[in-house]
Protein chains: 2
Amino acid sequence: MASVTSLPHPDMSEVRLTDVLFALSDPARLEIVRELAGGPLSMAECGTFNPALPKSTKSHLFKVLREAGVVRNEPQGRGRVLHLRRDELDRAFPGLLDSVLAAAV
Amino acid sequence: MASVTSLPHPDMSEVRLTDVLFALSDPARLEIVRELAGGPLSMAECGTFNPALPKSTKSHLFKVLREAGVVRNEPQGRGRVLHLRRDELDRAFPGLLDSVLAAAV
DNA sequence: AGGATTGTTCAAGTATTATCGAACCATGGC
DNA sequence: GCCATGGTTCGATAATACTTGAACAATCCT
């Protein structure tokens, strides 16, 4: 089985608006995005809004965000760091992330 | 059974961002919203991107959009007119609709 | 090497959503 | 009243998505 240290990320050119909107349409995922807007975080640092969340569930939330092109998940040390793909998203969908992050909870 | 001529619409104060994002996250629904951005349309006039869509399916798409606070559905004559709740959405989620409508298909 | 740490993947169950025909409801016009 | 028109609702089925424990993988540290 292939190594899994590096996960696949879609190129922004193949990211569809509806996929991004869907990824952001879940409260838990949106909250994660809000946290990542402050800067990259490890998975452990992220998702503090619900500390009881099992790691498999959390991993799945990140997978949806990653496959939608919203976050980047990169190995670092024995863990992983999550980045919001902010600049790329801003170029592809100008104003979208800003308005979502600015909106009231 | 109660009359169904007037359908319930959520007040913007109870519309959640995630519900709006979800409503917009389906390609067919997003396309409808794009059409309505040009002005109110009857259901028959709307959804021309897929003429074969059964009316029950179409009605369901509008229901999701209506319940998410995205469109208003009002009786007119023997049919109904659909409006994008643009001003209200702009006040509640500034810039969101603009960025979504501006984005490439 | 071995163990602790940090996540990912798999699989199975549950829940939500989509689709669409058929039945129904309301209006307009004859 | 009666019928055609335009649309909603119901009910059943199919398709997606969510949740989680358990197994596995990669890295660090001693």
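A quick note: this is a predicted structure, and the numbers were derived from the prediction, not measured.
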> Is the shortest side-chain N/O distance from Arg29(A) to OP1 or OP2 of dC18(D) below 4.0 Å?
yes
> Would you say the side-chain atoms of Asp26(B) pair up with the backbone N or O of Arg29(B), donor to acceptor, closer than 3.5 Å?
yes
> What is the distance, to the nearest angstrom, from the CZ atom on Phe22(B) to the C1' atom on dA15(C)?
13 Å
> In whole angstroms, how far is the P atom of dT8(D) from the CG atom of Leu65(B)?
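Checked: the CG to P distance equals 12 Å.
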> Any donor-acceptor pair under 3.5 Å linking the side chain of Glu67(A) with the backbone of Val64(A)?
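A pair under 3.5 Å: no.
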> Just checking Arg72(B): does its CZ atom have more than 12 heavy atoms from other residues, nucleotides or ligands closer to it than 6.0 angstrom?
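Enclosed.
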> Go through dT8(D), dT27(C), dC18(D) for me and flag the one nearest to the Leu7(B) side chain.
dT8(D)
> Do Arg66(A) and Val71(A) touch side chain to side chain, with heavy atoms closer than 4.5 Å?
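Counting from C-beta outward, Arg66(A) and Val71(A) do come under 4.5 Å.
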> Go through the N and O atoms of the side chain of Ser56(A) and the base of dG21(D), and report whether any donor-acceptor pair is under 3.5 Å.
yes
> Short of 4.0 Å, heavy atom to strand atom, which residues of residues 36-54 of chain B count as contacting DNA chain D?
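Contacts with DNA chain D under 4.0 Å: Ser42(B), Met43(B), Ala44(B).
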> Could you check how far CD of Gln76(B) sits from P of dG28(C), rounded to whole Å?
10 Å
> Please tell me if Ser59(B) has a side-chain N or O lying less than 4.0 Å from either OP1 or OP2 of dT8(D).
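Checking Ser59(B) against dT8(D): at least one side-chain N or O falls below 4.0 Å of OP1 or OP2.
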> Run the salt-bridge test on Arg85(A) and Asp90(A) with the 4.0 Å N-O cut-off and return the result as yes or no.
no
> Let me know the distance between NZ of Lys55(A) and C1' of dC18(D), rounded to the nearest Å.
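Taking NZ of Lys55(A) and C1' of dC18(D), I get 19 Å after rounding.
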> Answer yes or no: does a side-chain N or O of Arg78(B) lie under 4.0 Å from OP1 or OP2 of dG7(D)?
no
> May I ask you to say whether Arg91(A) pairs ionically with Glu88(A), meaning some side-chain N is under 4.0 Å from a carboxylate O?
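Between Glu88(A) and Arg91(A) there is no salt bridge, as every charged N stays at least 4.0 Å from the carboxylate O atoms.
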> Reckon Thr57(B) has a side-chain N or O less than 4.0 Å from the OP1 or OP2 of dC20(C)?
yes
> Nearest whole Å is fine: how far is dA11(C) C1' from Lys63(A) NZ?
13 Å
> Take the protein atom CZ of Arg80(A) and the nucleotide atom C1' of dT8(C), then report the distance between them rounded to whole Å.
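After rounding, the gap between these two atoms is 7 Å.
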> Write down the distance between NE2 (His60(B)) and P (dA12(D)), rounded to a whole number of angstrom.
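To the nearest whole Å, that distance equals 17 Å.
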> Looking at Asn73(B), does any N or O in its side chain come under 4.0 Å of the phosphate oxygens OP1/OP2 on dG7(D)?
no
> Counting only N and O atoms by type, is there a donor-acceptor contact under 3.5 Å from the side chain of Arg80(A) to the main-chain atoms of Met43(A)?
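The answer is no, because no donor-acceptor pair under 3.5 Å joins these two groups.
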> Rounded to the Å, how far apart are Asp26(A) CG and dT16(C) C1'?
12 Å
